[in-house]
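Since the structure comes first, as structure tokens, the remarks are kept for the end.
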Amino acid sequence: MNLDLSANDPCRLFLALWPDEEVTVQLSGHAKAWDWPQDCVRYAASDWHLTLQFIGSAPRSSIEDMQARLQIPFRPFSFALSVPQIWPSGLAVLETTEVAPELQALHDRLNLALQHMQGSVDLRPFRPHVTLARHAQQASSPKSTAPVIWRVRDYALVESTVLRTSRYRILCRYPAA
């Protein structure tokens with residue numbers, strides 16, 4: 001993939017949990033249990049993630065410094081995604097019943113690191129979820145499914161691309177201590 005980009009070109013960045021194979025298999029099973037309308041836009045399994053912090057636009061030249069400054073020590077932990085929802089915006093998501101304390105702590109520590117770097121952050125409440133589809137107002141969520149158990153062993157700095165085939169590119173992974 002040669003995008004021929006300069007160091008000053010902007011890129012859209014965010015921090016996220018990226019599912020391993022075990023979580024991807026669980027999410028896939030959950031997504032198959034939905035009744036999807038033809039006009040909804042389902043996300044590919046390779047696009048599934050849980051956003052921890054949205055960073056926004058940044059020059060490519062800042063990525064190397066950002067990578068170093070966003071390394072936050074944390075211990076591995078687990079949480080469950082168990083609530084299928086269709087949000088008013090038409091997103092079909094799988095979310096948590098409550099935010100695990102370790103997940104909230106990681107979110108908060110990354111928020112603080114971003115505040116020190118950029119001076120401002122997204123102030124919306126943290127609502128952990130994985131988006132499964134857009135334009136899914138008419139979708140029917142499953143009546144009951146097993147929760148998706150996500151074992152967090154790392155998080156990632158990710159770039160949103162303009163490519164249809166690979167919407168996101170992981171720039172750096174941060175493993176648990």
Side-chain angles (χ1 to χ4, degrees), residues 1-24 26-27 41 43-81 87 89 91 93-96 98-134 148-177:
M1 174 174 66
N2 182 6
L3 297 177
D4 194 28
L5 299 169
S6 80
N8 290 324
D9 284 340
C11 54
R12 289 179 49 85
L13 304 173
F14 62 98
L15 294 161
L17 299 180
W18 218 263
D20 60 16
E21 185 176 343
E22 180 183 345
V23 173
T24 300
Q26 291 178 72
L27 286 168
V41 179
Y43 278 36
S46 60
D47 292 335
W48 290 334
H49 65 276
L50 188 148
T51 301
L52 291 167
Q53 291 286 342
F54 179 71
I55 298 170
S57 184
R60 286 190 186 286
S61 59
S62 69
I63 291 175
E64 189 174 324
D65 177 57
M66 194 178 293
Q67 285 176 338
R69 296 173 68 185
L70 290 173
Q71 184 149 358
I72 304 297
F74 73 100
R75 294 187 187 278
F77 63 92
S78 298
F79 68 95
L81 294 163
W87 289 358
S89 61
L91 291 181
V93 302
L94 183 60
E95 58 186 354
T96 60
E98 61 184 350
V99 182
E102 302 90 345
L103 182 57
Q104 184 68 55
L106 180 59
H107 171 270
D108 293 347
R109 293 179 72 205
L110 290 168
N111 184 304
L112 190 60
L114 287 170
Q115 280 182 327
H116 285 117
M117 288 173 48
Q118 338 183 120
S120 65
V121 292
D122 186 355
L123 297 176
R124 291 177 290 183
F126 183 41
R127 191 170 179 187
H129 67 279
V130 173
T131 301
L132 303 172
R134 293 188 178 280
V148 172
I149 306 301
W150 195 317
R151 290 172 183 80
V152 178
R153 297 177 186 96
D154 66 5
Y155 63 94
L157 175 63
V158 183
E159 176 184 6
S160 293
T161 71
V162 294
L163 306 173
R164 288 181 188 239
T165 53
S166 53
R167 296 175 60 163
Y168 307 111
R169 183 168 48 146
I170 294 174
L171 301 175
C172 182
R173 286 189 179 266
Y174 302 93

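Starting from 1, each residue takes its place in the sequence as its number. Source: prediction; values computed, not measured.
- Annotation: Glu64, atom CD; neighbour count of heavy atoms from other residues, nucleotides and ligands within 6.0 Å does not exceed 12.
- When the ring pair (Phe, Tyr, Trp, His ring centres under 6.0 Å) test is applied to Phe79, the partners found at least two apart in sequence or on another chain are Trp150.
- In this structure, the separation between OH on Tyr174 and CG on Leu106 is 11.5 Å, given to the nearest 0.5 Å.
- When every heavy atom of Asp154 is checked against every heavy atom of Pro175, the shortest pair comes out as CB-CA, 3.7 Å.
- Every side-chain contact (heavy atoms from CB on, under 4.5 Å) that Asp47 has, sequence neighbours left out, goes to Tyr43, Ala44, Arg167, Tyr168.
- To the nearest 0.5 Å, atoms CG (Leu94) and CG (Leu81) are separated by 4.5 Å.
- For residues 123-134, the set of pairs meeting the salt bridge (Lys or Arg N to Asp or Glu O under 4.0 Å) definition, not counting sequence neighbours, comprises Glu95-Arg127, Asp122-Arg124.
- Residues forming a side-chain hydrogen bond (donor to acceptor under 3.5 Å, both in side chains) with Asn111 (at least two apart in sequence, or on another chain): none.
- Listed by chain and residue number, nothing satisfies the ring pair (Phe, Tyr, Trp, His ring centres under 6.0 Å) test with Phe77 (two or more places apart in sequence, or in another chain).
- For Arg109, the side-chain hydrogen bond (donor to acceptor under 3.5 Å, both in side chains) test picks out no residue, with sequence neighbours left out.
- Not counting sequence neighbours, the partners of Arg69 by the salt bridge (Lys or Arg N to Asp or Glu O under 4.0 Å) test are Asp65.
- Ile55 is listed as a side-chain neighbour of Leu70, based on a closest heavy-atom distance under 4.5 Å.
- In terms of the side-chain contact (heavy atoms from CB on, under 4.5 Å) criterion, residue partners of Asp108 (sequence neighbours excluded) are, by chain and number, Gln104.
- Legend: residues meeting side-chain hydrogen bond (donor to acceptor under 3.5 Å, both in side chains) with Gln67, ordered by chain and number and at least two apart, are absent.
- Atoms SG and CD, from Cys172 and Gln71 in turn, are 7.0 Å apart once rounded to the nearest 0.5 Å.
- Here the OH atom belonging to Tyr155 is positioned 8.5 Å from the CG atom belonging to Leu52, to the nearest 0.5 angstrom.
- Among residues two or more places apart in sequence or in another chain, the side-chain hydrogen bond (donor to acceptor under 3.5 Å, both in side chains) test is passed with Arg75 by none.
- Closest of all the heavy-atom pairs between Gln26 and Ile149 is OE1-N, 2.8 Å.
- Rounded to the nearest 0.5 Å, atoms CG (Leu110) and CD (Gln115) are 11.5 Å apart.
- Rounded to the nearest 0.5 angstrom, Leu17 CG and His107 NE2 are separated by 11.0 Å.
- Glu98 pairs by the side-chain contact (heavy atoms from CB on, under 4.5 Å) definition with nothing, not counting sequence neighbours.
- Ala16 meets the side-chain contact (heavy atoms from CB on, under 4.5 Å) test with Phe14, Trp18, His49, Val158; sequence neighbours excluded.
- Minimum interatomic distance between Ala100 and Ser78 (heavy atoms only, all atoms of both residues): CB-O, 4.4 Å.
- Two residues are said to be in side-chain contact when any heavy atoms from C-beta on lie closer than 4.5 Å; Leu13 and Leu171 meet this criterion.
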